[in-house]
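Everything below concerns the one structure shown next.
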There are 2 protein chains.
Amino acid sequence: MTRKIALGSAPLREPREPTIDDAADGNATDGNATDRRPLADRVLAVLDVVAAAGQPMAVKDIAEKLALPKPTAHRLIAMLEERGFLARPIDGRLVTVGPKLRTLALNTLRSSLGQAPSHARLRALSLELGETCNIGVLEGGDVVYLDRVEVENWPLRLEFGVGSRVPLHCTAMGKLFLAFLPELPRRRLLDCLPLPRMAAATLCDPALFRAELDSIAACGHSFDDEEYMPGVFCAAVPIRDGAGRMIAALAVQAPKVRLSRESVAERLPVLHRAASDMARALGLDAAPAEPALSP
Amino acid sequence: MTRKIALGSAPLREPREPTIDDAADGNATDGNATDRRPLADRVLAVLDVVAAAGQPMAVKDIAEKLALPKPTAHRLIAMLEERGFLARPIDGRLVTVGPKLRTLALNTLRSSLGQAPSHARLRALSLELGETCNIGVLEGGDVVYLDRVEVENWPLRLEFGVGSRVPLHCTAMGKLFLAFLPELPRRRLLDCLPLPRMAAATLCDPALFRAELDSIAACGHSFDDEEYMPGVFCAAVPIRDGAGRMIAALAVQAPKVRLSRESVAERLPVLHRAASDMARALGLDAAPAEPALSP
DNA sequence: CTGTTAGTCTCATTCAGCGATACGATTTGT
DNA sequence: ACAAATCGTATCGCTGAATGAGACTAACAG
């Protein structure tokens, strides 16, 4: 990148005297390891803690729980109180949620209504299959999990929550996206996609990998047969919009003892049905711009 | 304190030309009226706006509404997205509330309703009716219990505590929510909602179920006549905000020997009165927002 | 192909936030 | 009642996180 040619001045930026005081400075400022966490995080954390408490809380406890210095805690809470996000009930010393936060809460639930149908359908699917299911989209070279319903005995609890990203080349969802992408973006992605080995079965050879993609494009679904995590099998089908373009992926994952190439066949129709329901639930059936012309 | 004396007085900094501009600086800094509003306000404002929208929003609109510079808006939203407070639905361009904000919302409401005025009113109601009463909201295709007052001889002790979830199609609260939902989410939810049989009287037929919802919408309250648990009768009425939107449900449940279709009539006014008291006790912020329709 | 619009990047500047310290205000223990 | 402990408030110089103008790129629409 062209690195805009200095605005003339160059690095005038005088480094400070490298004298002994540097050494002193190094760890001095003393124990002043100001670990300054951004304000935003603290604000959100305070709201979280106060709301989760379920009952009025002492400022001290909030400060302790979040490891906030005393004045800082007071300042933050006073600020949130002023804005109406927190409030102090009668006794004046304790802190609870305020009216603004209540309104925000109500609006939040109302807004998340749009996500309820697809989530409900996902849950129904998960119930029917008895396994963990999730929805993902393609975003900048990764698959991002949009929603997820876990079954009780799923071993990998926290690692793949909503919002987490997984690679393209070794996951059922990722390979599915690659297989169904329009020519151009597909090229661009494939050309610079590394195929690092994640597990024994990962497809690391480009030729093999392309063959796999062709086969997926032909049959309309994809598997991850321990290519990402040992012992985990995964199957994915596309969620398409009204014009037939693949917008998202729907996947089921399970320990290999419960799901495998052999046993997955009878579940595929169930998956496909859920996928088309989901398209409707997500409002993808609406008139889609233009029917694709150039391939 | 070592106080790095070295630099002591010297303003090594020496950046801009030390010209007359010092004088000019006095009131100027030019037309550069950088009105820098604190980060915290902006974070809260963004959450407010996104939640109040009721539907996914374009970044541009958020930026406009809050008079935020373009890069700042993107930075803020990206940060909130990373933290899980905001999320982007399928299309990836728009922004909505995220999972973290949803749990914050639930916790907030639980805190609000579990405390002084609301909880007291719920207890009063329970006392007056002599039966177990509870409050719930709709979230993610379930009813979530936010508060509850049990009578002594209630048989189902632990199963339905605060925070537990029950299905929509076979509970008084759930059917009430469905009956009063706005058209679009209602249709999509109904499309996706399985109607599994939970008890002998569960309404499993879609046509019958829709008829039931219509009837509920018409009369303003709902029953669960042994549709979920044998021997348990339940009645629910809506709690509405200032704009008339249903935000929560208030319900009474009892063994059928003590409460039934016949004997419930005289209790309904009591329930409705409690519901409107609770709405008032919720003390919402003054801005319930308008029922945004797309322009 | 060109204009339009939305999103990204860079970077010098600056002020909002910070928290150590100190001091008043309460509550608590005896 | 009086300490003692605890909690809340006020002050203030330092600093780096946040900022936003501007330039650039990507995505589309016509």
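Numbers restart at 1 for each chain; the letters A, B, ... are given by sequence-line order, proteins then strands.
- Here D:dT9 presents its P atom at 15 Å from CE of A:Met79, a figure rounded to the nearest Å.
- Residues satisfying the side-chain contact (heavy atoms from CB on, under 4.5 Å) criterion with A:Val166, sequence neighbours excluded, are A:Val143, A:Tyr145, A:Phe160, A:Thr171, A:Tyr228.
- Taking atom CD on A:Glu82 and atom P on D:dT9, their separation rounds to 13 Å, with Å as the unit.
- One can place CZ of A:Arg88 at 12 Å from C1' of D:dT9, the figure rounded to the nearest angstrom.
- Residue whose closest nucleotide on DNA chain C sits further toward the 5' end, between B:Arg93 and A:Arg93: B:Arg93.
- Checked against ring pair (Phe, Tyr, Trp, His ring centres under 6.0 Å), B:His74 has no partners two or more places apart in sequence or in another chain.
- Under the salt bridge (Lys or Arg N to Asp or Glu O under 4.0 Å) criterion, A:Asp214 pairs with A:Arg186, sequence neighbours left out.
- Residues satisfying the side-chain contact (heavy atoms from CB on, under 4.5 Å) test with A:Leu208, not counting sequence neighbours, are A:Asp205.
- Under the side-chain contact (heavy atoms from CB on, under 4.5 Å) criterion, B:Glu82 pairs with no residue at all, not counting sequence neighbours.
- With sequence neighbours excluded, the residues forming a side-chain hydrogen bond (donor to acceptor under 3.5 Å, both in side chains) with B:Asn107 are B:Arg110, listed by chain and number.
- Between B:Leu39 and A:Arg188, the residue anchored closer to the 5' end of DNA chain D is B:Leu39, taking for each the nucleotide with the nearest heavy atom.
- Rounded to an integer number of Å, the gap from A:Glu139 CD to D:dA26 P is 17 Å.
- Between A:Leu94 atom CG and C:dT27 atom P there is a gap of 12 Å when expressed in whole angstrom units.
- At least one side-chain nitrogen or oxygen of A:Arg42 sits closer than 4.0 Å to the OP1 or OP2 atom of C:dG19.
- For residues 93-105 of chain A, there are no salt bridge (Lys or Arg N to Asp or Glu O under 4.0 Å) pairs, not counting sequence neighbours.
- Closest of all the heavy-atom pairs between A:Pro238 and A:Leu176 is N-CD2, 3.4 Å.
- One atom, CD of A:Glu64, and another, C1' of D:dT6, lie 12 Å apart when rounded to the nearest Å.
- Every residue meeting the side-chain hydrogen bond (donor to acceptor under 3.5 Å, both in side chains) condition with A:Arg88, not counting sequence neighbours, appears here in chain and number order: A:Glu81.
- Taking five base pairs at each end of the helix from C:dC1-D:dG30 to C:dT30-D:dA1 and finding the rotation axis that steps the C1' atoms of four pairs onto the next four gives two axes whose angle is 60°, to the nearest 10°.
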Name the pairs: protein N/O against N/O of nucleotides 3-5 of chain C, kept only if under 3.5 Å.
none

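- Taking atom CD1 of B:Ile77 as the reference point, atom P of D:dA18 lies 16 Å away to the nearest angstrom.
- Partners of A:Asp277 according to the salt bridge (Lys or Arg N to Asp or Glu O under 4.0 Å) rule, which considers only residues two or more places apart in sequence or in another chain, are A:Arg121, A:Arg280.
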Query raised in the report: Given B:Arg83 and A:Asp41, is the salt bridge (Lys or Arg N to Asp or Glu O under 4.0 Å) satisfied, shown in steps?
Result: CA-CA 9 Å; B:Arg83 309 283 191 285; A:Asp41 281 341; 2.3 Å; yes
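- Remark: B:Pro69, B:Pro71, B:Thr72, B:Arg75 in residues 68-76 of chain B come within less than 4.0 Å of DNA chain D through at least one heavy atom.
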